[in-house]
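Contents: one structure, followed by commentary.
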Amino acid sequence: GGFSSRVRVAAVDARDGREAASATVDVRNVDARLVPTGYLARLGLVGPHADPNATTTSNNKAAAHVAFIMQKDGLGQDVFVLGPPGSYRRDVAMAYCELANREVEHLVISQDTTVGDVKQRREIKDGTATFEDGPAVRAAIHGRVLVLEGIERAERNVLSVLNNLLENREMHLEDGRFLTAPARYDALLGEGHASQAYASERGLVRVSDAFRVIAIGVPVPDFAGNPL
């Protein structure tokens with residue numbers, strides 16, 4: 001939908017009152033069922049359930065992290081949240097989506113995660129086999145935030161699919177459709193090479209300009225390899 005308003009977040013240094021970080025972002029009219037709730041309060045940033053024992057420093061730290069993600073979003077860039085094990089990294093990512101009113105698709109990656117879990121899964125409905133879009137596809141098409149948790153555990157074949165989506169905004173789907181970067185899709189139509197109906201017939205699907213990825217991971221030691 002269209003933009004409804006703008007929100008601003010700022011982190012203030014408790015020592016001198018100076019603003020440490022801030023950002024402003026447009027707030028979209030979205031499906032409230034897909035927008036996280038309660039994470040801002042969990043970090044002690046806002047809301048009636050904020051931790052009364054949380055120090056100003058911890059609140060400023062969380063606010064600065066949320067503001068950083070918001071600035072990256074405003075620049076049209078994805079985010080890699082790196083930190084020690086625990087829920088804080090996920091809380092920060094979800095808190096930003098709550099503040100900016102962004103819909104979220106959440107995918108927890110393990111060694112058992114397959115390409116089908118990311119892209120599409122074949123399901124039987126009313127006796128007919130159909131393809132159901134995975135979280136990455138739904139987020140790309142509908143302009144949501146794709147939160148990838150545990151990115152360091154992704155297998156090589158899964159990582160290549162995610163990498164193509166991150167770098168090129170492209171993905172080939174099992175049902176014959178092809179996710180296309182918005183700039184390439186618009187150029188194809190704008191230069192008169194194809195009409196929207198023609199692109200739809202060929203299975204080209206435009207990735208939303210609002211699509212973002214927030215990857216969550218932990219530091220992994222360098223792997224020197226195995227000697228021969």
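All residue numbers in this chain count up from 1 along the given sequence.
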Hey, does the side chain of [X] reach the backbone of [Y] with a donor-acceptor pair shorter than 3.5 angstrom?
X      : Y      : answer
Gln120 : Gly134 : no
Lys119 : Glu174 : no
Arg212 : Asp209 : yes
Arg89  : Pro84  : yes
Glu123 : Glu132 : no
Arg153 : Gln111 : no
Asp175 : Arg177 : yes
Arg184 : Asn168 : yes
Asp117 : Thr114 : yes

Kindly indicate whether the side chain of [X], heavy atoms from C-beta on, has any atom under 4.5 Å from the side chain of [Y].
X      : Y      : answer
Glu152 : Val218 : yes
Met94  : His106 : yes
Met171 : Val137 : yes
Leu148 : Val213 : yes
Pro135 : Leu146 : yes

Mind listing the closest non-hydrogen atom pair of [X] and [Y] along with its distance?
X      : Y      : answer
Pro182 : Arg169 : CD-CB, 4.5 Å
Ala154 : Leu159 : CB-CD1, 4.2 Å
Arg102 : Asp73  : NH1-OD2, 2.9 Å
Ile69  : Ala93  : CD1-CA, 4.1 Å
Leu179 : Ala140 : CD1-CB, 4.0 Å

In Å, rounded to the nearest 0.5 Å, how long is the span from [atom1] of [X] to [atom2] of [Y]?
X      : Y      : atom1 : atom2 : answer
Leu34  : His142 : CG    : NE2   : 9.5 Å
Leu173 : Phe178 : CG    : CZ    : 9.0 Å
Leu162 : Glu167 : CG    : CD    : 11.5 Å
Leu43  : Lys61  : CG    : NZ    : 10.5 Å
Ile151 : Phe80  : CD1   : CZ    : 7.0 Å
Leu166 : Phe211 : CG    : CZ    : 7.0 Å

Hydrophobic cluster membership, with links at side-chain heavy-atom distances under 4.5 Å among I/L/V/M/F/W/Y: are [X] and [Y] in one?
X      : Y      : value
Val205 : Val161 : yes
Val104 : Ile216 : yes
Val207 : Val147 : no
Leu165 : Val81  : no
Val35  : Leu107 : no

Revision key, fill the gap. Which of Ile214, Val66, Val79 passes side chain to side chain contact (heavy atoms under 4.5 Å, CB included) with Val92? It is Val66
By salt bridge (Lys or Arg N to Asp or Glu O under 4.0 Å), which residues pair with [X], not counting sequence neighbours?
X      : result
Arg33  : Asp31
Arg122 : none
Arg90  : Glu149

Check your understanding: For Ser160 and Asn163, what are the C-alpha separation, side-chain angles and deciding distance, and is it a side chain to side chain donor-acceptor pair (under 3.5 Å)?
Key -> CA-CA 5 Å; Ser160 64; Asn163 187 62; over 6 Å; no
Point to revise | Aromatic plane relationship, His65 with Tyr88 - under 30° parallel, 30 to 60° tilted, over 60° perpendicular | key: perpendicular
Check your understanding: Does the pair Arg121/Asp133 count as a salt bridge with the N-to-O cut at 4.0 Å?
Key -> no
